[in-house]
Amino acid sequence: MKVRVHVSLKPGVLDPQGRAIHHSLEGLGFSGVNDVRAGRLFELDVADTVSDEAIDDMCKKLLANMVIENYRIEKVA
Amino acid sequence: MAFRSAVVTFPGSNCDRDLAVALEKISGTECIRVWHGDAELPENLDFIGLPGGFSYGDYLRCGAIASRSPVMQAVVAAANRGVPVFGVCNGFQVLTESGLLPGALLRNSGIRFVCREVSLKVENAQSLFTSGYEAGQHIRVPVAHHDGNYHADEETLDRLEGEGRVAFRYAEDVNGSARQIAGVLNAAGNVLGMMPHPERAIESIHGGTDGRALFESAIRGMVGA
């Protein structure tokens, strides 16, 4: 089973990397970009026997830092 | 009683020797070196040091993988028993990732790696680690980090301030840290994490000795003068 875990900074947490990317996009002449937030994507290949709870636990215990980040689990196939 | 300290080395630590040497020079006793894969710590420790560096190449998040290593289970247990734990730079990141200290350390607001000497204000001079300083005293200590931008929600920041758990504050904006916080204590006062490197300011050849008092305070607090 393929699982994607999207990790993003919580709203309100400053994102200096996103800001720098935003700045760079403007430098390239792209207009109309209001904001950029950088995040992470994990692609996991897990056995079909792995439960949803276990995947959720992986996110909470390691993949995301719950102090500053949110996560979203997406089952691909 | 002789002072008994240990410093943990993770793969990618690069200030472990500096920290061990600082402890040895100031205490006059040997500092025990512990490997990240060790599941147990030596017994009867008076001080556990988590050094600076780039443990596990800063993969995932700074300090994230190190905070889940076998030795950290033992460090967390020791901290909860009241053993003093001191994390510098990457060690501070490991402490926040392990949950021993609140908050998180984000990328510096200016994006750049900051490597220079900074001025710190001692906010709490009554803790185990800071009793050798005067409250409000300014000290000069080096910083060298890319991810030292301290973040916590407003409620947590208010609580830290109210409980006197902000040990050190930058006298200037160095990395975008919330309320210019440079070092924080846990609720019990036996865990301190800070981004600046006091172990790099213990001999005049370093350009300053303002870091000495931190180690002297902890040694005095644990084994007497």
Side-chain angles (χ1 to χ4, degrees), chain A residues 2-30 33-47 50-74 76, chain B residues 55-70 72-73 76 90 92-114 145-157 159-160 173-181 184 186 193:
Chain A
K2 298 255 200 275
V3 174
R4 286 193 189 129
V5 175
H6 303 260
V7 175
S8 55
L9 282 173
K10 287 184 174 173
V13 175
L14 286 177
D15 181 8
Q17 294 178 92
R19 209 169 49 196
I21 295 163
H22 189 184
H23 201 73
S24 193
L25 285 173
E26 286 174 340
L28 288 171
F30 293 104
V33 180
N34 297 322
D35 193 22
V36 177
R37 306 278 287 169
R40 270 199 193 88
L41 169 66
F42 299 94
E43 292 181 327
L44 278 63
D45 187 342
V46 300
V50 174
S51 68
D52 290 357
E53 290 74 28
I55 296 169
D56 201 57
D57 221 25
M58 293 175 199
C59 295
K60 285 199 171 73
K61 286 192 175 153
L62 185 63
L63 300 183
N65 177 342
M66 301 307 292
V67 175
I68 49 171
E69 294 168 331
N70 288 326
Y71 63 87
R72 183 167 58 82
I73 298 165
E74 179 195 359
V76 183
Chain B
S55 58
Y56 297 89
D58 280 349
Y59 292 169
L60 186 60
R61 297 176 302 273
C62 301
I65 308 283
S67 73
R68 276 81 173 168
S69 63
M72 279 308 296
Q73 318 283 327
V76 169
N90 189 221
F92 185 15
Q93 295 161 341
V94 173
L95 287 172
T96 58
E97 279 284 346
S98 70
L100 281 174
L101 290 175
L105 292 141
L106 306 173
R107 179 57 40 104
N108 294 343
S109 58
I111 297 290
R112 289 197 177 88
F113 192 97
V114 179
H145 59 249
H146 208 166
D147 301 80
N149 180 350
Y150 186 71
H151 172 88
D153 59 47
E154 287 298 310
E155 193 186 327
T156 303
L157 293 170
R159 194 176 71 240
L160 290 174
D173 182 20
V174 170
N175 50 31
S177 286
R179 305 188 192 180
Q180 296 190 187
I181 290 171
V184 297
N186 69 341

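Letters A, B, ... mirror the listed sequences (proteins, then strands); counts begin at 1.
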Contacting region of A64(A) [heavy-atom separation from chain B under 4.5 Å]:
backbone

Give the member of A64(B), G110(B), G103(B), P102(B) that has the highest number of heavy-atom pairs under 4.5 Å with chain A.
G103(B)

Closest approach of I111(B) to P16(A) (non-hydrogen atoms, all atoms of both residues):
CD1-O, 3.2 Å

Non-hydrogen atoms of chain B under 4.5 Å away: do they reach the side chain of V13(A), the backbone, both or neither?
both

Tabulate, with distances rounded to 0.1 Å, every donor-acceptor pair spanning chain A and chain B at under 3.5 Å.
residue	atom	partner	partner atom	Å
L60(B)	O	R40(A)	NE	3.3
L60(B)	O	R40(A)	NH1	3.3
L60(B)	O	R40(A)	NH2	2.2
R61(B)	NH1	L62(A)	O	3.0
R61(B)	NH1	L63(A)	O	3.0
R61(B)	NH2	L62(A)	O	2.9
R68(B)	NE	K61(A)	O	2.8
R68(B)	NH2	K61(A)	O	2.6
E97(B)	OE2	N65(A)	ND2	3.2
S109(B)	O	R19(A)	NH2	2.9

Proximity breakdown for L106(B) and chain A, heavy-atom pairs closer than 4.5 Å:
side chain

